[in-house]
Number of protein chains: 2
Amino acid sequence: MAKLDFSPIADTTRRAEIVALLRRAILTGQLEPGQKLNELRISEQMRVSRAPLREAMRELVQEGILTSIPYAGTFVIDVTAKDIIDAYSLNKVLDEFAIELAWPLRDQRFFDELDRRHETVKAATRALDTTRQIETALQLHGLIYEWADNSVLLETWQRLTSRLQMYFALHQRARNEPVPAEDVHETYVALLKGSDMRAAQRHAREHIDLDFEELLAYARGLEKRASTGADRPR
Amino acid sequence: MAKLDFSPIADTTRRAEIVALLRRAILTGQLEPGQKLNELRISEQMRVSRAPLREAMRELVQEGILTSIPYAGTFVIDVTAKDIIDAYSLNKVLDEFAIELAWPLRDQRFFDELDRRHETVKAATRALDTTRQIETALQLHGLIYEWADNSVLLETWQRLTSRLQMYFALHQRARNEPVPAEDVHETYVALLKGSDMRAAQRHAREHIDLDFEELLAYARGLEKRASTGADRPR
DNA sequence: GACAATCAGATTGTCGACAATCTAACAAGA
DNA sequence: TCTTGTTAGATTGTCGACAATCTGATTGTC
């Protein structure tokens, strides 16, 4: 019999689609931090009942990008400078660990996939598609996690990534400028192909610090004009 | 005005109570790995409708202790040896990080709380209350995370802890023996009070490895008699 | 005018019923 | 005997309606 691995059938519940829709809206910044999600309005817009919508929202609450207050509502999480610092400092630690685990497991397929994802980022950059650039850059970054062969680590990183993507999207949205055309991932990719693990770990840490400064400045801006929004939870 | 910090009002939704009930049942091993959760039956037992039950189950799925297959059902996660290895190795990394962050923030309140939790563990140990012993030991362990002042790290650890608690409970349940009466946390507490951070980090790592061997043996046992259970997802 | 009590509107939480899907047993045909 | 088609039962997914709760405005009282 011919050996063929089929990928799992897509989830076809409304709930799953709603989760995807909402997550996308939040991570791209279409839904702003602190904003309230009105169940009735959203369910009418999506043409679904509140039941699957509410279940979807429960998932996103646990995923950490929504927050819920009983009988008051469900809100997009607020972004504080501290949150960004916290997420980034943890990300550094996880990165070092992931590189350590993935390092001995690198093979041709790893390198090929690395190049493929790198190309995807470059394509998005050339197309000036900011949202997609953020998304693909994180996917490139995620390869070491997928290769690390530690399901708990991967899961943890994916949760963290949700927030990072949101932060970056907000940042990009705020400054409203075209994306830098230069390739910031060249060195990272090269180091992952090389033989010096410590160097790769070091670069991952420093490279992160690069974008970080910009992001922090943005977050501090947010802090200042906080608590002026229309509908935020108290 | 007298300064007084009130603790938040308890969540009074059915959903929240159901989450607590189910989580407890899973983490204490009353619900076994792989077991299917029949919505109708559980909702009747709890005297609630399926709506809040289903929302609660969604939360636990995202929390990582349930898994769901559309139109097939929701199941308690299976425990494999690999899962335990993965969780533990990540836990080591996080522990080192948490100690590093918490170290300069230690104060009298920290030491007091450390002692208090240590006492709680000893009380549970004396009472031969296995479940509570596991629970309190993890709470003792969690203090450094609470003190690290990194919300993302804390959240990550809490998710990880859910599984660790489940693994330990299953292990204890399986061997069906009284709890060791000796105090295995004495050194850990002493080191956290000391001045040698590296030593504390080293001990955290080694102490973990101690229980780990036992737990792994149990997990390997599980592996062998896997796929013989009655109602497991495929 | 300041403050407490009351009330209407809006929103979230929960319920019971129906629709969609899966599973397993059975029947029919090669 | 093996495979395929059918069907009944059970279970999950979704819906619309009702109950509980919150918010903000209004009223009444001092």
Side-chain angles (χ1 to χ4, degrees), chain A residues 1-2 6 8-23 26 31 34-62 65-77 227-234, chain B residues 1 6 8-22 26 31 34-62 65-77 227-234:
Chain A
M1 187 186 291
F6 289 101
I9 284 284
D11 288 333
T12 48
T13 60
R14 294 191 197 285
R15 183 184 65 236
E17 290 192 41
I18 297 172
V19 167
L21 272 176
L22 283 182
R23 185 190 289 122
I26 297 166
L31 282 170
Q35 190 173 347
K36 177 171 175 178
L37 278 68
N38 185 307
E39 297 178 2
L40 196 59
R41 195 154 44 84
I42 295 178
S43 69
E44 281 169 355
Q45 288 177 355
M46 292 189 180
R47 305 282 182 81
V48 291
S49 74
R50 285 173 55 223
L53 172 63
R54 282 174 58 88
E55 291 185 14
M57 286 164 82
R58 276 318 121 204
E59 292 193 21
L60 294 175
V61 166
Q62 281 310 103
I65 59 182
L66 289 182
T67 179
S68 159
I69 303 174
Y71 290 106
T74 306
F75 308 82
V76 179
I77 55 164
S227 69
T228 53
D231 39 18
R232 309 205 163 206
R234 261 126 310 163
Chain B
M1 188 186 291
F6 289 101
I9 284 283
D11 289 334
T12 48
T13 61
R14 295 189 196 284
R15 182 183 67 236
E17 290 192 40
I18 298 172
V19 166
L21 272 177
L22 283 181
I26 297 166
L31 283 169
Q35 191 173 347
K36 176 171 174 177
L37 278 69
N38 185 307
E39 297 178 3
L40 196 60
R41 194 156 46 81
I42 295 179
S43 69
E44 280 170 356
Q45 287 177 356
M46 292 188 179
R47 304 283 181 80
V48 292
S49 74
R50 285 172 55 223
L53 172 63
R54 283 174 58 88
E55 291 184 14
M57 286 164 83
R58 278 313 121 207
E59 292 193 20
L60 295 175
V61 166
Q62 279 312 100
I65 59 182
L66 289 182
T67 178
S68 157
I69 303 174
Y71 289 107
T74 305
F75 307 82
V76 178
I77 55 164
S227 70
T228 54
D231 40 17
R232 305 195 167 214
R234 269 123 319 148

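Both backbone and side-chain heavy atoms feed into the values below; hydrogens, waters and symmetry mates do not. Every chain is numbered from 1 and lettered A, B, ... according to where its sequence line falls, protein lines coming before strand lines.
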Contact under 4.0 Å: B/Ser49 side-chain N or O vs C/dC15 OP1/OP2 =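 Looking at the OP1 and OP2 atoms of C/dC15, one of them is under 4.0 Å from a side-chain N or O of B/Ser49.
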Atom-pair distance ([atom1] on [X]; [atom2] on [N]), nearest Å:
X: A/Arg58; N: D/dG13; atom1: CZ; atom2: C1'; result: 18 Å
X: B/Leu53; N: C/dG13; atom1: CG; atom2: C1'; result: 14 Å
X: A/Arg41; N: C/dT12; atom1: CZ; atom2: P; result: 10 Å
X: B/Leu40; N: C/dT21; atom1: CG; atom2: P; result: 20 Å
X: A/Ile69; N: D/dT21; atom1: CD1; atom2: P; result: 17 Å
X: A/Glu55; N: C/dT12; atom1: CD; atom2: C1'; result: 15 Å
X: B/Lys36; N: D/dA10; atom1: NZ; atom2: P; result: 13 Å
X: B/Met46; N: C/dG16; atom1: CE; atom2: C1'; result: 19 Å

At 4.0 Å (heavy atoms only), tell me whether [X] reaches a base, stays on the sugar-phosphate, or touches nothing.
X: A/Arg14; value: sugar-phosphate
X: B/Leu37; value: sugar-phosphate
X: B/Arg15; value: sugar-phosphate

Is any side-chain heavy atom of [Y] closer than 4.5 Å to one of [X]?
X: A/Leu21; Y: A/Glu17; value: no
X: B/Ser68; Y: A/Arg15; value: yes
X: A/Thr67; Y: A/Thr74; value: no

Using the side-chain heavy atoms of [X], tell me which of these nucleotides is nearest: [options].
X: A/Asn38; options: D/dT11, C/dT12, D/dC15; value: C/dT12
X: B/Arg54; options: C/dG13, D/dT14, C/dC15; value: D/dT14
X: A/Arg50; options: C/dG13, C/dC15, D/dG13; value: C/dG13

Sorted by position of nearest nucleotide on DNA chain D, 5' first, the leading residue of B/Glu39 and A/Arg47 is B/Glu39
Nearest-nucleotide check on DNA chain D, A/Tyr71 vs A/Val48; residue mapping nearer the 5' end is A/Val48
B/Ile18 and B/Ile42: CA distance, side-chain angles, deciding distance, side chain to side chain contact (heavy atoms under 4.5 Å, CB included) verdict: CA-CA 10 Å; B/Ile18 298 172; B/Ile42 295 179; over 6 Å; no
Here the gap from A/Gln35 atom CD to A/Ile26 atom CD1, rounded to the nearest 0.5 Å, amounts to 9.5 Å
Considering every strand shown, what is the Watson-Crick or G-U wobble mate of C/dA10 when both distances are under 3.5 Å?
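Pair assignment: C/dA10 / D/dT21.
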